[in-house]
Amino acid sequence: MAIYMINGGVGKHIAFTALIDKLAEKGDVQMMTAYPDVFRHHPKVKASYSHEEPGLYDRVPRDTDIIFREPYYSPFVFAKTHLLYEWAKLLGIEYEGELPQWHSCKKWYREAKEVIKKIPKKKFILVQFGGGQSPYEVNQPRIFIPQGQRRAYPLNMAQDFINQFTKAHPDIAVVNYSMVNEEYSHLGGCCVLNIAYWLYPELLKASMGFIGIDSSLQHMAAGVGVSGVVIWGATGPEQFGYPIHGNISNTTNHHMRPLCARFGDNKNADGSMWVDRDILSTAVSVDKLMEVTEAMLDMKLDKEETKGIAEDDCDCDDDCGEDCKCKGA
């Protein structure tokens, strides 16, 4: 039996779920992560543990293989291949374009249905214009740590888009996925929800789509088969994206010293200091974003209700406590 260990953000964890089916062909899969709920209801994950779980290693059999393969320390840093392609290669399996898989449970579904009732309009979209830090969890507020503008959509342009969108579609609410302690949570004309991240996949199912950046919302959407619009800046869909989405960019050069900050490399080859590109000069225009959003809505105008829970999802109907069928509970 193997325990696969992952570091990084929730989006990276959700992306990893695309590899689980093939890993399961090699043997039982257990996960050890900062976000065990990402894997808790996956039918092919036998157990999902938190890094911080007390006494974890006392309970794990001594013959268990603990496997940690970090794609950010691989040829992926050259930005020539997809994250999942390099990750699969490190794990000894083949990546053939599989999408992430998000599996929910009846409890989460019921909670999400109650949240949806609080959204002021029956139709809604989700937006995420900034990201990169750990998700805000109910009763566990975190100090905001700015992540820079390499992946974010400029704040003023995001507000301009929301203003135009709400004027053009007064019957559609804009739900802001931003955490309540981020500056992007203060965008006007949006509904900000104080809910755990694991409820958002159900909201995505009920939505008319999303507009996002290279961050966790686009991975969640791929995991539940919901298409949307992803705005790319310093990174690109060939690195982190999925063909299910409408991927738009104002540049073809996404490979501007990718991931160099992870290695403390903040200088160019000539010794000069490297800085983020001018995000305002390369950002997708608001007019272009409105155009592709309208195209998305044209395909989804009849979508009003949730898809419900898939048949293979966890059948738990309680509070995910000790007696629940959830893995790792």
Side-chain angles (χ1 to χ4, degrees), residues 6 8-20 31 33-42 45 48 82-84 98-105 107-109 111-113 115-116 119 124-138 151-153 174-180 182 184-185 190-232 235 237 239-247 296 300 303 306-310 312-314:
I6 302 178
V10 66
K12 184 180 173 187
H13 283 69
I14 296 171
F16 185 87
T17 62
L19 307 178
I20 288 177
M31 302 301 305
T33 86
Y35 303 101
D37 297 287
V38 170
F39 309 96
R40 195 175 301 280
H41 304 296
H42 195 294
V45 175
S48 182
H82 196 280
L83 172 78
L84 290 171
E98 294 86 355
L99 293 177
Q101 301 178 31
W102 181 273
H103 294 273
S104 188
C105 67
K107 177 180 181 293
W108 292 355
Y109 175 66
E111 290 177 356
K113 289 281 282 187
V115 170
I116 289 170
I119 297 174
F124 63 92
I125 62 170
L126 285 86
V127 297
Q128 182 187 23
F129 294 113
Q133 64 168 317
S134 300
Y136 179 94
E137 297 178 10
V138 177
R151 294 183 294 161
Y153 193 59
V174 178
V175 176
N176 192 343
Y177 175 79
S178 297
M179 289 173 281
V180 296
E182 289 182 331
Y184 282 84
S185 71
C190 295
C191 173
V192 178
L193 304 171
N194 181 10
I195 60 174
Y197 71 88
W198 53 78
L199 299 182
Y200 277 100
E202 292 301 331
L203 269 66
L204 281 163
K205 292 179 188 179
S207 75
M208 299 185 69
F210 75 95
I211 296 96
I213 57 168
D214 170 18
S215 199
S216 57
L217 189 63
Q218 68 124 353
H219 297 288
M220 284 184 182
V224 292
V226 173
S227 60
V229 178
V230 183
I231 312 162
W232 297 90
T235 57
Q239 298 168 271
F240 295 100
Y242 309 98
I244 186 177
H245 301 319
N247 297 296
M296 175 187 73
K300 300 188 177 186
K303 181 179 175 59
T306 59
K307 294 179 180 179
I309 299 298
D312 62 347
D313 280 352
C314 176

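Heavy-atom basis, side chains included; hydrogens, waters and symmetry copies ignored.
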To the nearest 0.5 angstrom, please state how far the CD1 atom of Ile6 sits from the NZ atom of Lys12.
7.5 Å
His13 (side chain) donor-acceptor with Thr33 (main chain) under 3.5 angstrom
no
Hey, mind stepping through Cys105 and Arg40 against side chain to side chain contact (heavy atoms under 4.5 Å, CB included) and telling me if it holds?
CA-CA 9 Å; Cys105 67; Arg40 195 175 301 280; over 6 Å; no
Evaluate the side chain to side chain contact (heavy atoms under 4.5 Å, CB included) criterion for residues Leu204 and Met220: first the C-alpha distance (whole Å), next the side-chain angles of each, then the deciding distance (0.1 Å), finally the verdict.
CA-CA 8 Å; Leu204 281 163; Met220 284 184 182; 3.7 Å; yes
Report the relative orientation of the aromatic rings in Phe39 and Phe16; use parallel for angles under 30°, tilted for 30 to 60°, perpendicular for over 60°.
perpendicular
Grab the two heavy atoms, one from Tyr184 and one from Ala152, that are nearest each other, plus how far apart they are.
OH-CB, 3.5 Å
Below 6.0 angstrom between ring centroids: does that apply to Phe240 and His219?
no
Closest non-hydrogen contact found for Val192 with Ser178 is CG1-O, 4.3 Å
Short question: side chain of Glu202, backbone of Ala112 - any donor-acceptor pair under 3.5 Å?
no
What heavy-atom pair brings Val127 and Leu217 nearest, and what distance separates the two atoms?
C-CD2, 4.2 Å
Minimum heavy-atom distance between Tyr35 and Gly9, given as atom pair plus value
CE1-C, 3.7 Å
Is the closest side-chain heavy-atom distance between Ile195 and Glu111 below 4.5 Å?
no
Shortest non-hydrogen separation from Leu84 to Glu98 and the atoms involved
CD1-O, 4.3 Å
If you define the side chain from C-beta out and look only at heavy atoms, does anything of Ser48 sit under 4.5 Å from His42?
no
Residue pair Leu199, Leu193: steps toward the side chain to side chain contact (heavy atoms under 4.5 Å, CB included) verdict:
CA-CA 11 Å; Leu199 299 182; Leu193 304 171; over 6 Å; no
Between Ala221 and Phe210 the two heavy atoms that sit nearest each other are CB-CE2, 3.3 Å
Below 30° counts as parallel, above 60° as perpendicular, anything between as tilted: where do the rings of Tyr200 and Tyr177 land?
perpendicular
Is there a side-chain contact between Ile244 and Ser227 (heavy atoms, below 4.5 Å)?
yes
Looking at CD1 of Ile231 and CG of Asn247, how far apart are the two atoms once the value is rounded to the nearest 0.5 Å?
11.0 Å
For the atom pair CG (Leu99) and NE2 (His245), what is the distance rounded to the nearest 0.5 Å?
8.0 Å
Going through the distances and angles, do Phe129 and Asn176 end up as a side chain to side chain contact (heavy atoms under 4.5 Å, CB included)?
CA-CA 9 Å; Phe129 294 113; Asn176 192 343; 5.8 Å; no
